[in-house]
Amino acid sequence: RMKEWWVQVGLLSVPLLAVYLHIPPPKLSPALLSWRSSGRYFTYKDQNIFYRGDESWGHPAVFLMHFSSFQIWEGLTQRFHRVIALDFVGFGFSDKPRPHRYSIFEQASIVEGLVRHLGLRHHRINLLSHDYGDTVAQELLHRYEHNKTGSILINSLCLSNGGIFPETHYPRFIQKILKDGGLLSPIITRLMNFFFFSRG
């Protein structure tokens, strides 16, 4: 009797889960729609990478890496002449390929690709990074100091709220699942809603 009950619950849950997983994501706010329409894309190895940047010349550029850039853009552009923000692959308005082996090294190469795309290869760049962007910035700093690629000449680097020392980073259980969960990862991300996101 109990076994039949669980079978019925399972049969009912499958179509409900399928419907939920196909619910479209929430609509973008007017601020985000405006942000997206003001940006551009460049292609890095068949991936469309979103960025927003001032096309003026003659001033050192400030690169924002992994910020909620639309929230701080106005203040930065009032202080600095050229501000550039990009969404790493897998984030924001950039492509989110699946399956794909995401890596810090690829993200650093994407930043270098954008620098070349904007014609800033021989210009000094100010890097302003946050969280995940800090690790990417450290890889760029390593390449700069060891002359690995020579694509970016770093003028200054500001790291904020990131794991500078990997050995002291203890990811949460949900982060481990999302990183190594295989088939579970897409289901978990689709089941995520604002309530669970805000509590995390």
Side-chain angles (χ1 to χ4, degrees), residues 35-36 38-57 59-73 76-77 80-172 175-176 178-181 185 189:
W35 176 261
R36 185 175 64 182
S38 300
R40 296 185 176 95
Y41 289 87
F42 87 102
T43 304
Y44 177 84
K45 292 188 178 177
D46 299 326
Q47 307 294 344
N48 292 314
I49 306 299
F50 176 86
Y51 73 96
R52 183 172 176 186
D54 186 340
E55 296 300 324
S56 63
W57 298 93
H59 300 284
V62 176
F63 262 72
L64 302 178
M65 296 195 302
H66 203 61
F67 273 89
S68 296
S69 305
F70 74 97
Q71 296 174 331
I72 61 173
W73 185 261
L76 284 171
T77 53
F80 300 99
H81 293 284
R82 189 169 195 194
V83 181
I84 298 160
L86 80 155
D87 289 338
F88 293 131
V89 66
F91 293 89
F93 295 123
S94 290
D95 282 353
K96 300 165 186 66
R98 286 183 185 165
H100 186 75
R101 190 172 181 82
Y102 293 90
S103 78
I104 295 298
F105 308 109
E106 178 189 38
Q107 306 288 23
S109 295
I110 287 171
V111 176
E112 291 179 325
L114 179 57
V115 166
R116 287 191 299 272
H117 175 76
L118 295 173
L120 295 172
R121 185 168 181 165
H122 301 294
H123 293 72
R124 294 209 162 267
I125 305 293
N126 301 295
L127 297 176
L128 180 56
S129 64
H130 173 77
D131 193 46
Y132 179 81
D134 285 1
T135 311
V136 178
Q138 289 176 77
E139 172 59 21
L140 290 168
L141 183 62
H142 175 79
R143 294 179 186 189
Y144 170 71
E145 289 186 339
H146 294 84
N147 198 25
K148 294 282 186 181
T149 58
S151 293
I152 295 185
L153 299 175
I154 298 175
N155 186 55
S156 68
L157 171 60
C158 178
L159 306 172
S160 66
N161 191 38
I164 298 174
F165 304 104
E167 64 274 10
T168 64
H169 174 61
Y170 302 103
R172 296 181 180 192
Q175 291 174 312
K176 291 179 182 178
L178 289 173
K179 180 183 179 296
D180 303 317
S185 299
T189 54

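What you are looking at is a predicted structure, and each value in this text was computed from that prediction instead of being measured.
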* Asked: Taking atom CD of Gln47 and atom NZ of Lys96, what is their separation to the nearest 0.5 Å?
  -> 11.0 Å
* Please round to the nearest 0.5 Å and tell me the distance separating atom NE2 of His123 and atom CG of Asn155. => 12.0 Å
* Asked: Between Trp35 and Ala85, which heavy-atom pair has the shortest distance, and what is it?
  -> CZ2-CB, 4.3 Å
* Structure fact -> Here the gap from Tyr144 atom OH to Leu127 atom CG, rounded to the nearest 0.5 Å, amounts to 10.5 Å
* Asked: Can you tell me how far the CZ atom of Arg52 sits from the CD1 atom of Ile84, to the nearest 0.5 Å?
  -> 12.0 Å
* Asked: What is the minimum heavy-atom distance between Val89 and Tyr102, and which atoms define it?
  -> O-CE2, 3.6 Å
* Under a 4.5 Å cut-off applied to non-hydrogen side-chain atoms, are Phe105 and Arg143 in contact? -> yes
* Asked: Any donor-acceptor pair under 3.5 Å linking the side chain of His146 with the backbone of His142?
  -> yes
* Option among Leu128, Leu120, Val83, Ile152 that satisfies the side-chain contact (heavy atoms from CB on, under 4.5 Å) test with Phe63 -> Leu120
* Asked: Is there side-chain contact between Met65 and Leu140, with heavy atoms separated by less than 4.5 Å?
  -> yes
* What orientation do Phe88 and Phe91 show, parallel under 30°, tilted 30 to 60°, or perpendicular over 60°? -> perpendicular
* Structure fact -> Contacts of Glu106 meeting side-chain hydrogen bond (donor to acceptor under 3.5 Å, both in side chains) (sequence neighbours excluded), chain-then-number -> His100
* Structure fact -> Taking every heavy atom of Asp87 against every heavy atom of Phe93, the minimum-distance pair comes out as OD2-N, 2.8 Å
* Asn48 versus Thr43: any side-chain heavy-atom pair under 4.5 Å? -> yes
* Once you round to the nearest 0.5 Å, how far does NE2 of His66 lie from CG of Leu86? -> 11.0 Å
* Structure fact -> Across all chains, not counting sequence neighbours, the side-chain hydrogen bond (donor to acceptor under 3.5 Å, both in side chains) partners of Ser160 are His130
* To do: Assign the ring pair Tyr41 / Phe50 to parallel, tilted or perpendicular, where the plane angle (0 to 90°) is split at 30° and 60°.
  => perpendicular
* Structure fact -> For Ser129 and Leu157, the nearest pair of non-hydrogen atoms, with its separation, is OG-CD1, 4.4 Å
* side-chain contact (heavy atoms from CB on, under 4.5 Å) partners for Ile72, two or more places apart -> Leu64, Phe67, Leu76
* From Arg116 atom CZ to Phe42 atom CZ, the distance as rounded to the nearest 0.5 Å -> 8.5 Å
* **Shortest non-hydrogen contact from Gly53 toward Arg40** => O-NH1, 3.8 Å
* To do: For residues Asn126 and Ser156, report the shortest heavy-atom separation together with the two atoms involved.
  => OD1-OG, 2.7 Å
